Amino acid sequence: MTPHDPESEESIMTELRRVDPKTLVPNPNNPRKTQPDPRAEHQLALNIKTVGLIHAPCVRELEDGRLMIVAGHRRVRACIAAKLTEIDVHVRSGDEKSDTMAAVAENVVRADMTESEQWRGVLDMREKGATDTEICRAFMVTPAYLRGLMLLSQIHPPIIAAIDSGIGPSYTDRNAIARTPLERQRGVWAEIWAESADEGADPADYEMSREDATHFDWSEFVRYLDQVELYARNYEFDDETAKEAGVVWEEDLFGQGGEDNRYCTQYAAMFKAQQIWAEKTKPEGTIYLQSNEYGEGIAPDGYRKVGSWEMEWDEDIPAIWVNPRTLQIQKGRVRELGEQSTRRTENGSLSLPSAQKPEKPKERADISGTGLKIIGDVRTQALRQALDAARENADPWDLVGAFILALSANNVKVHGDDTYEPYGSVTERDLAVARIFPEGVLVRDPDLLRNAALGVLSTFMNCGLSQHSGSGLPAQILGVLFGADEYMPTMAFEEFLKSYSKPGITKAVQAEGLEEKPTGKAMREALMAHLGEKRWVPEPATFAAGLPEWKSKIEDQAARLAARARFAAQMEEEEGDADTDVITDSEEDDTCEEGGELDEGQTDQDSLSDGDDSSHHDTIPDDPRIPSELTELARAMPERLEVIMV
């Protein structure tokens, strides 16, 4: 909805007419150029056929009397598909400038347009004489957003295509790219995708796919653009390593005499050369680390980086890595996880960093921390009551929207989101939240919600093995839910089959009815020859292979919950007995006299545990001080609870 403008109301008059949708003429300057989604078109046609056309398209009468669509092409196509013979349209009186603004604004405000489409719409409106102020009012955007769109005029077209596909650079990287001459962008792009482009095609025009994006680092691309001349004198690797990495030296004819004036403009080759040289020259016992985008070494699983402020231990392992920002080889140390607790046991104390200097006192806020905590507690209670009240009749689409909204909460960490970039860029989750809560109120559009939910899930749910960013077993179960096994490609290729052990490949060939061969290589070749072009996915590689582990996990959780419940009940019962049945020493003696001695063969332990066999466990010493329910809890959660006799 555009802002109220009295002048526009005077210049643009509308009337409602009833017409045949087939007689309407498409607008040749329609800003939306992308092909429509056939499924979405079909769904809209079914919706209109069921409930009718709610919003009438906007048209303008041409000189020959025909009506041209200004806004609402998709609705008109859907009405024709729904076989409606007549629909209502708003006939506008205006000029090309107002029609262009209406068409672009209708798409920007009420439907998703790619950024390049918005950019082309802005250029078209400027050509028609619209000012930036008018464009911002029509788009309902800020001048800063408009300036961001205009960056696209200084960016190489394949990069714009990546932005439209949601796999492009962050806003910060876009600024850096836009500052680089287009010819430089084109040259670097061609160098990167030289081997990916089709034969005969110009690699400078290659448009990257989503699969390409998983291995592409935009920050590295920006650094590649910036670091034009990398001089040999600043690096230590030899000529053999340079040749191995594909470094091609050029001579700086204007360099100072007596210096090595060779330089290279291939960032990727120089980076590779430094990595190879670091591996070749590392001291004995030193390990090579991969680095992150900040230039820091990444410790392998089971280890952590040792800070420069920490005391050096004999167990520390020297490490080196190459900083991708500076291309310099850096040194550090890693330490096995758990070493710190071991040192505490041996030495009885830990070496802690020196205390930081106290901060200056801050000015007192309007509401104290205690007051803010109370407000937070009250709000939390109210929120939980509202959610509890909605359990029985909550709209399922409200729940989908709430799910997406929750993923943007401050206390939710999503590792492995392939749309995340540092320095404040917008993720797919942020975009989804903005689409379904544009003004703080949920847009209850089933298509929008469904696409947003699935889009957000696809950004971070993955089956990778990383402890930090992998989704783990839930991703496999999600794959089962959505039938992902049907989309698995054939696994009958040598790189995968080489990962099998000999017993494993033996089972694989036997499952296909083939005879066992003397070597693993022979069995791999026999299996691939047998399968040919047939799609082959072994059972361990399927999503469904995770179901037994999932069921076991659920059963284990249920056992833990039951043990916790029994333990809580036992504790409540013991607390109740302590409050009501207080026995004095003399009463205890009387009780013993009345009850007599213990039955023959019954020990003190048997008496105290009431004959509960669960208190006897081969890994937990028999002791009357250990409650039987605690023993059962320890048995149910051996990795979380350990009973230690002191």
Side-chain angles (χ1 to χ4, degrees), residues 215 217-220 222-224 226-227 230-238 240-242 244-245 247 267-359 413-418 420-423 462 464-470 472 639-640 642:
H215 308 289
D217 186 345
W218 286 105
S219 299
E220 184 176 312
V222 170
R223 288 194 294 270
Y224 199 171
D226 291 339
Q227 296 183 354
L230 302 168
Y231 282 88
R233 58 177 175 264
N234 296 325
Y235 304 95
E236 299 179 358
F237 57 81
D238 54 22
E240 181 183 349
T241 302
E244 186 178 351
V247 174
Y267 170 85
M270 293 290 286
F271 187 28
K272 183 177 180 181
Q274 283 290 80
Q275 290 177 312
I276 296 173
W277 184 250
E279 286 275 18
K280 285 182 177 179
T281 59
K282 66 181 181 182
E284 185 178 355
T286 302
I287 61 173
Y288 180 81
L289 305 180
Q290 297 298 320
S291 59
N292 59 22
E293 57 190 356
Y294 306 109
E296 302 168 342
I298 303 174
D301 291 341
Y303 293 83
R304 68 172 180 86
K305 283 280 299 300
V306 179
S308 58
W309 49 268
E310 295 185 77
M311 294 180 61
E312 186 173 351
W313 291 357
D314 296 337
E315 297 85 353
D316 289 347
I317 302 174
I320 59 172
W321 65 92
V322 178
N323 186 328
R325 293 172 176 259
T326 63
L327 295 188
Q328 297 302 313
I329 299 175
Q330 298 188 341
K331 299 178 181 180
R333 292 171 289 137
V334 296
R335 182 175 299 168
E336 188 174 1
L337 292 175
E339 286 291 327
Q340 189 168 351
S341 59
T342 303
R343 283 296 180 105
R344 182 191 295 112
T345 302
E346 295 173 357
N347 303 337
S349 62
L350 289 174
S351 175
L352 299 176
S354 59
Q356 297 180 350
K357 295 181 180 179
E359 297 181 357
K413 293 287 185 183
V414 178
H415 297 283
D417 185 343
D418 60 11
Y420 170 77
E421 290 286 347
Y423 310 115
N462 66 84
L465 299 181
S466 171
Q467 292 182 339
H468 304 291
S469 59
E639 74 284 1
R640 291 177 176 267
E642 181 182 3

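Residue numbers count from 1 along this sequence. Quick caveat, the model's predicted, so the values are computed rather than measured.
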Are more than 12 heavy atoms, taken from residues, nucleotides or ligands other than Lys280, located less than 6.0 Å from that residue's NZ atom? yes
d(Leu327 CG, Lys272 NZ) to nearest 0.5 Å is 14.5 Å
So CD of Gln330 and CD of Glu296: to nearest 0.5 Å the spacing works out to 9.0 Å
Glu310 vs Arg335, test: salt bridge (Lys or Arg N to Asp or Glu O under 4.0 Å). Steps then yes/no. CA-CA 11 Å; Glu310 295 185 77; Arg335 182 175 299 168; 3.6 Å; yes
Nearest-0.5 Å distance, CD1 of residue Ile287 to CD1 of residue Ile320: 9.5 Å
What pair of heavy atoms forms the shortest contact from Phe237 to Gln274, and how long is it? CD2-OE1, 3.2 Å
Run the side-chain contact (heavy atoms from CB on, under 4.5 Å) test against Ala269 and tell me which residues pass, sequence neighbours left out. Val247, Gln266
Under the salt bridge (Lys or Arg N to Asp or Glu O under 4.0 Å) test, residues paired with Lys305 that sit two or more places apart: none
Minimum heavy-atom separation for Trp313 to Asp316, with atom names? N-OD2, 3.0 Å
I want to check something: taking the side chain as every heavy atom from C-beta on, are Gln275 and Tyr288 in contact at a cut-off of under 4.5 Å? yes
Quick check: are there more than 12 heavy atoms from other residues, nucleotides or ligands sitting under 6.0 Å from CD of Glu236? no
Go through the steps for Asp238 and Trp277 under the test side chain to side chain contact (heavy atoms under 4.5 Å, CB included), then give the verdict. CA-CA 8 Å; Asp238 54 22; Trp277 184 250; 3.3 Å; yes
Using side-chain heavy atoms (C-beta onward) and a distance below 4.5 Å, is Leu230 in contact with Tyr235? yes
So, do Val322 and Phe271 sit near enough that their side-chain heavy atoms are less than 4.5 Å apart? yes
